Structures are given as C-alpha cells and as structure tokens.
Asker: 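Following this message is one structure expressed as structure tokens.
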Amino acid sequence: MNFRLAQVIVDVPSRETDRPFDYSIPKSMQGWIEVGSRVGVPFGHRTVQGFVVSLKKDSEMDSARIKPVAELLDLVPPLPPDLVELAEWMSRKYACSMISSLQAMIPAALKGKAERYISVAEQEKENYGDSADSLFVMQPLLTGEEEEIVTYVKASGSVTLDHLNTRFPGQAGIIKGLISQGVLSEVQLIKDKVRKKMVKTVAATVSGNEAEVALSSFTAQARRQKEVLQFLLEVGIPLSLQEVLSTLRVTAGTVKKLEEKGYAVIEEVEVFRDPYQNRRFKGTEPLQRTPEQDVVYSRISAALDDRTFGTFLLHGVTGSGKTEVYLQTIERCISSERQAIVLVPEISLTPQMVERFKGRFGSKVALLHSRLSHGERYDEWRKIREGKVQVAIGARSAIFAPFRNLGLIVMDEEHETSYKQEETPKYHARDVAVHRARQHGAVVILGSATPSLESYYAARSQVDDKFAPVLLEMKQRPSGSHLPAVHIVDMREELRDGNRSMFSRALHAGIASRLERGEQTVLFLNRRGYSTFVMCRTCGYVAGCPECDISLTYHQKSNNLRCHYCGYATPAPSVCPECGSEHIRYFGTGTQRVEGELAKLFPGIRVVRMDVDTTSEKGAHEKLLQAFREKKGDVLLGTQMVAKGLDFPDVTLVGVIAADTALNLPDFRAAEKTFQLLTQVAGRAGRHQLPGEVFIQTYMPEHYSVVHASGHDYDSFVREELKYRKGLHYPPYSKLILVTLSHEKLPLLLRMAENFAGDIRLKAQRLGWYGNLDRFSSEALDIMGPVASPIPRIKNRYRFQCMVKYRGSMDVVGLVREIALTTHHNLRDSSLQISIDVDPQMLM
DNA sequence: AGCACGCCGACT
DNA sequence: GTCGGCGTGCTC
C-alpha cells in the first residue's frame, strides 16, 4: 500500500493556515513518511517545518499545485499516531490551532527553523569550469562586488545566508539579485536546535594470538601506542576516547596512529545526556501496605489487570502514604509490559521526590522537568520514545510522553493549578490525561489530600459520564503520628489590643521559644494575595461586589473599586462603611517586608528567604533548602514553594502570616485555594518525634475555609463550598470559557468586544441555548461582559474580556470559535487578537 | 508568520 | 526617473 500524498500541518501560527496542506511524497521517502512524521515542506516562498497528520492515495484533482515534501526530519516519527489524534482532540476542546497542540507535545529542541544555504548554481560551474581565474571571463555581466561574492561562495562550497550577510554587510540586495539571476542557488533545510550528543570511542580490533603479535611488533619509539593497545586489551570493551587519553596521558595522535595500523577503531556513537549520571540512588523496597492502602491497591490493580479505561480519585490525608500506593501500582503496571506516566506539580519535583522514584525504579525512569537543558530534555524524551524506559515523571507536559502502550497515569496533587497551562494551548493536564488513558485503555489515578471540587463532585455525583472517577479514601497516617494542633489567631483582636505588627503575640512568642530551644520555624506568606484589595483593619470588612459576591479590586489610578466579573465600580471609601473606622486600607505584603520585620523583632535571627527573587538561579532552590536542613537558618520564610512536600525533622512551628490574602481575590476559587494551601501548610509541622504547632493569622477567623482547614476537615469544607458554588452557578455546576480580546485602539476594541458578546448572545438564542442559569433547565448559557481585563493593557494593547458560563453538553467552544473567526473576518484587521481560555483557572 | 507584489512620496 | 515606504493577500 503506497501512499502518495501527505497531509501536513505547517508551522505557521495563523488562523488561515490552521488546516492540513497536501504534499506529494517523493519515491525515496515512501514507506518512511508516516502519520506523526516531522517534515520540511516548501510553503509560499520559503521552507517550513510541518507534521504529517494523515496519508492519502493519489487524487487526480488539484494535482498541479501540489509540491513535494522536501525533507524528512527524523527516521522515527516523533509523534505516535495516538498523539496526533490527541492533538486533534485538544485543538477542538481548547479552541487552539493544530500546530500549537502538536508543538506542545515535542521537546523544544525539535522546533526546527529553516536555515538557508547558498551555493554557486550548477550550470554556472559547468559553463565556466572550476578555476578561479576564469571568473572574469565567465561573468562579464557581473559587477566587481558581485564577482567578489560569487568567488567567495565558490571557494567555500556552501554557506548559510546568515553567514554571507555578515561577511558582506549591506549587500543583501546584491545577494538576492544573484539568486534571482540564477548565478547563485539556494537550498533551505530545517535545522534543529540541538544535535544528538556524540562521543568518540576506541576499541581494539585484535585479540588473542593476533594481539600478541601486534604488541611485539611495536618499536621502542612507539611505546605509547603499545601502552594504549595493552590498555584496550585489558579492558576488553570499547572505551570513550576521552577516558583513554586522560588515564594514559597520551594524545589523540597516538591513538590515531594505532587506528592507522589497523589495531584499533575509533567510532562515533551517540550518547544520552544523563543529568543524574554521577548520582547513586539507594534502592528501596516496597513497604508493607496498611489495610487502607491495600484496599486502594487492590481496586486499582483489578482495573489495571482489566486493561480497560478507568479513573480513580484517591483522597488521602497528608502523610497517608499515597506515594507508596503510586509506586506499587506502577510496579504492577510495568511488570505487565505497559508504561506509566507520573505527573507532579513542577514545584514538588524536588530531589526527595526524584530519589524516591529513582530508588525504586532506577534506570527505568525518565525525568522531565523545566530545569533540564534543551539537550537533556530531548534525551530523556528520546529514551521514552525508543522504549528505553517504562516510567516518565514530570510536570504538566509529561502527559505527552510518547509511550506506545500506556497502562497507568498518576497525577499527584491533582488540585494544583499548575496543571493548567496558561499559554496556548491552554490545556489542563487532568483532562488530557483522561483522554489519553481512554485511548490506551489505561487507568488514571488522581491523588490529593484536598481534591479539586471538580474532581470530587464528579466522583461523588457520578454525573459526568465522560469523567466520573471512582472515589478511594485513605484517612490514616501509617506512621501513627498525629496531625498538628492548629490555632487560629484573630488579627482584628491584635489590632484592638494595640499590636500593629504583622506578627501576633502568639506567633511572636512561638518564634521566640523556638529560637531559645534551637528548633526551627517555617513562615508562610501567600503570594497570591499580593494584589491589592480593600479591607478594614478594625472589623475585617472587605469591599465586595453586590452582584457577584466577590471582592472588589482597588484601582489606584481612578481611586475606585471594581469587579472583574461584571464591571461594577464604586469610589474607594475612606472610612469603613460597616463600622466607620478609619483603619480601612488596601492590603498587600511581601516576603521582604516580613524579613525586615523579623530582623527588627529578633536581632541576629537567621532567615532563609525563598521567593522568586532568591530562587531564580539554577539549583538555588535546592541550596536554600539544604542550608535550612543543615540548620543554617532559624526561619524558613517563603511563598507557595515552602508549602509543598517538605519534611524537616526540627520544624515544630509553622506560621501563616495572613491566611486571607488569597481569600479576597476576585476569584470564585479563592476559598478552595485558601483551604488547600492552609491544609498543605499545616501538614508541614511535627511530622517527626517533636510535636508540631501551627498558627494561622487571619482577619476572617470565622471563614469556613480557615475553620475547616484548622480542623483538617475536608468534607465539611466541600459541603459549604459546593453550596456557594451552586448558588452562583460556578463550576462544577457550570462550565466557563473566558474570551479576551485585545487591540491597540481602545474605542475600536470596545466596539468589537460588544459585537462579539452580542453575536454570541444572538447565536445562542437562535440555537435555544441562551437563558439565565437560574431557570430550571439542563441547558443554559449566559455571557457576561465585556469588561476590562484585570490587566487592562499589556504591551500597549488594551484588553477586554467576556465570560461565557453554561450548563449542558452543547458545543459552546465550537460556537465561540466560530464567532471569533467571523469577528476577525468582518474586521479584516489582523491586529485584533481573540484569545479563548476553556475552563480557565486564573481569573485575574 | 513571512514574504512578495504593488502602488504612492522623497531623493540621486 | 528610481529607491523604498508598508498595506494586502497567499501559502498545497
């Protein structure tokens, strides 16, 4: 069966080119080009990279315009067919282009760009021979400048256009002219960002008797060569040239001579860059399962053995041993010749985590994380594609690990927002995982101590037939250790009693006593609260939107308060509307401020500060934690990153500076995120012999997210939170699509945004979808806005957004995409950008 | 996105 | 007269 045509998605990010283009497959590439192949194709006036998404037999129609594939870029297609299918699904689900979906699936190293190579045209060489001095005869029509360039190109054979441009600056026009005259010719080839790493190896070609003869044949002068051969014979396996040179202190010339005599061969072989090659990992054995773990393990194992698609939501308290369950189910999966993907939030891809998996599975594991170089990442990825490993661990994008026979996908901390990509393609790894597992008949485990409401609701109600996980629970800690005592500190009381510091008296005393006893403290600051909101320091009143039940954002420029959902605005009050106090002000605090205050209150205190500023350097994260572990600091102060998976034996106090900073963000998930974080943080203290204590400072001590986090009570929290969500028709009781329009000209943008929202409304009405979500019906759709985006201008472009909120299984994404397309088409102005975020996580 | 084509203003 | 400004339209 010979396919003659390849349908190719080209690497040109525009709406008009977001469809397959047909190319003929040259004889030489037939059989090699498959679905998922990466190719170089002529496109317009240049060559671009593309991906083959399907193959066709010859079609008689429109054959005249069809060009051939220029180049096949990899011997093995980088994408197996199921990933191409997944890309199609992603593009539909998230309203993004095919090329962006495909690009997200391969390592950045393979984002090839065309390189233009220039050489002297063939007929020119033939006509005028090869000798340089015949040039003046041959080109009477060429100017001196032109001649100089041609001579240069001829002498070097083939040069890149870039090189030629730097060698002959300001003469780009002349070079272009020579190409169009046919004197010079141009070839475009796709060049990858990294090459495979090659290493030279040396091996002896003789052995036994032959070797004896060879060794005795060396003269005294060639004694170094003799040493090399002896060494090679002793070792008996090929060695890297580098190794031979450094151990014997000989030069490459010596080895080369040996090769010339035929006693050895030097070969170039490709190697994998292994970022962990110099590290030894202590092997670990599976632990004895607790009864709880055993129940969970058997349920999942049964599903694995069935080899049919299934999803589990594993709700286990911090320290209940979820990781051990993962490890053992992975073991079971790979022992049946199938592979497993483990997804973790980037932030928890810590050395401890790595050690645990490497310790159990050793070289069967590939690690994909953002700190790897392009080359290292590419190599880890190739180990997966070539079947050299059975387990892939990584952040979000590891869901695209090119395994061919997936059996299990584990998603740890499934509630983490980092699983949603904020750039195009704006996919959620959880949904992609479920779809991929379905393709492979694989099992998904979503694990968390504080599951997302979406997952928990789906598991509880079994309502969504596409994704209804089976709920599994683990409520005990195998170690028998107790969850720490959590104290809520009312900061309003502190102020009333005259304490204006950011530390309550209780926390202050706590830190002081830890300093005395030589124990350690972790202080947590929620960075998400950095944006400003208005709050009364006397009574805790927070300005909220009357329509949306969400706190308002303070805008300094206009001195008013605004709602990001409905556009409501009101002047900023100077006294509290609730209690009349003048202590009303906008809030916001940073780690630096806390550090400064600590230094003032506790002279000589050693603070390890972890935030974006101090951890931007490679490895800084690990270094800071190591320093704290070695007790080079009394206090570890940081944001999110101190909350995750850390385990220090001497930490007996955890303080949350301001629990409610995130609560007041204009985000309907504010309570959920606060609860998750507080629960996470509270799990940090007292994990070992020393008992732990947690202080949560807050201005809203009665808020249910704070109360239930302090009681380690997930169920009660969820009950209240679902009530709130249901009342306002937020997920999981509805689905959201956030559409952001941007343009340089504000009036035009505003008009377009109004038009867009109007068109959606109109079309939805015609389809019978439109209507208030309050009405009793399984299908309803509402569109809010347009309103100015939380960041109203980025890079000189104004931004407006609309929020589509709906219930039912209608293809609303399709509708939004269609209207976006026509809006664009009608305006004929390519500078209008419309970005669509399906299931948005960040609403500000 | 590029890149060429094409139609109007400041220069040798 | 021509060089070159960037609007518009196409890419199998």
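Chain naming here is simple, since letters A, B, ... match the order of the sequence lines and numbering starts at 1 in each. Given the structure is predicted, the values throughout are model-derived calculations rather than measurements. Note that these values count all heavy atoms, side chains included, but never hydrogens, waters or copies made by symmetry.
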Asker: Base, sugar-phosphate, or nothing for A:Pro20, non-hydrogen atoms under 4.0 angstrom?
Answerer: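 A:Pro20: no heavy atom of the nucleic acid under 4.0 Å.
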
Asker: Suppose we screen for side-chain contact (heavy atoms from CB on, under 4.5 Å). Which residues come up paired with A:Lys113, at least two apart in sequence or across chains?
Answerer: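 Listed in chain order: nothing, the list is empty.
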
Asker: Check salt bridge (Lys or Arg N to Asp or Glu O under 4.0 Å) between A:Arg38 and all other residues, then give those that pass, not counting sequence neighbours.
Answerer: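 Only A:Asp74, A:Asp192 meet the salt bridge (Lys or Arg N to Asp or Glu O under 4.0 Å) criterion with A:Arg38.
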
Asker: For A:Thr424, give me all partners under side-chain contact (heavy atoms from CB on, under 4.5 Å), at least two apart in sequence or on another chain.
Answerer: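 Expected list: A:Cys96, A:Ser100, A:Lys426.
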
Asker: Who are the side-chain contact (heavy atoms from CB on, under 4.5 Å) partners of A:Ser734, not counting sequence neighbours?
Answerer: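 In terms of side-chain contact (heavy atoms from CB on, under 4.5 Å), with neighbours along the sequence ignored, A:Ser734 is linked to A:Pro731, A:Leu736, A:Leu773, A:Lys805.
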
Asker: Could you pull out all residues at least two apart from A:Glu71 that satisfy side-chain contact (heavy atoms from CB on, under 4.5 Å)?
Answerer: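 A:Glu71: side-chain contact (heavy atoms from CB on, under 4.5 Å) contacts with A:Leu73, A:Leu189, A:Ile190.
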
Asker: Would you tell me if any nitrogen or oxygen in the side chain of A:Arg19 comes within less than 4.0 Å of OP1 or OP2 on C:dC12?
Answerer: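 No.
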
Asker: Using a cutoff of under 3.5 Å, can you pull out all pairs of nitrogen or oxygen atoms linking the protein to nucleotides 1-3 of chain B, with atom names and distances?
Answerer:
{"from": "B:dA1", "atom 1": "OP2", "to": "A:Pro13", "atom 2": "O", "distance (Å)": "3.4"}
{"from": "B:dA1", "atom 1": "N3", "to": "A:Arg46", "atom 2": "NH2", "distance (Å)": "3.2"}

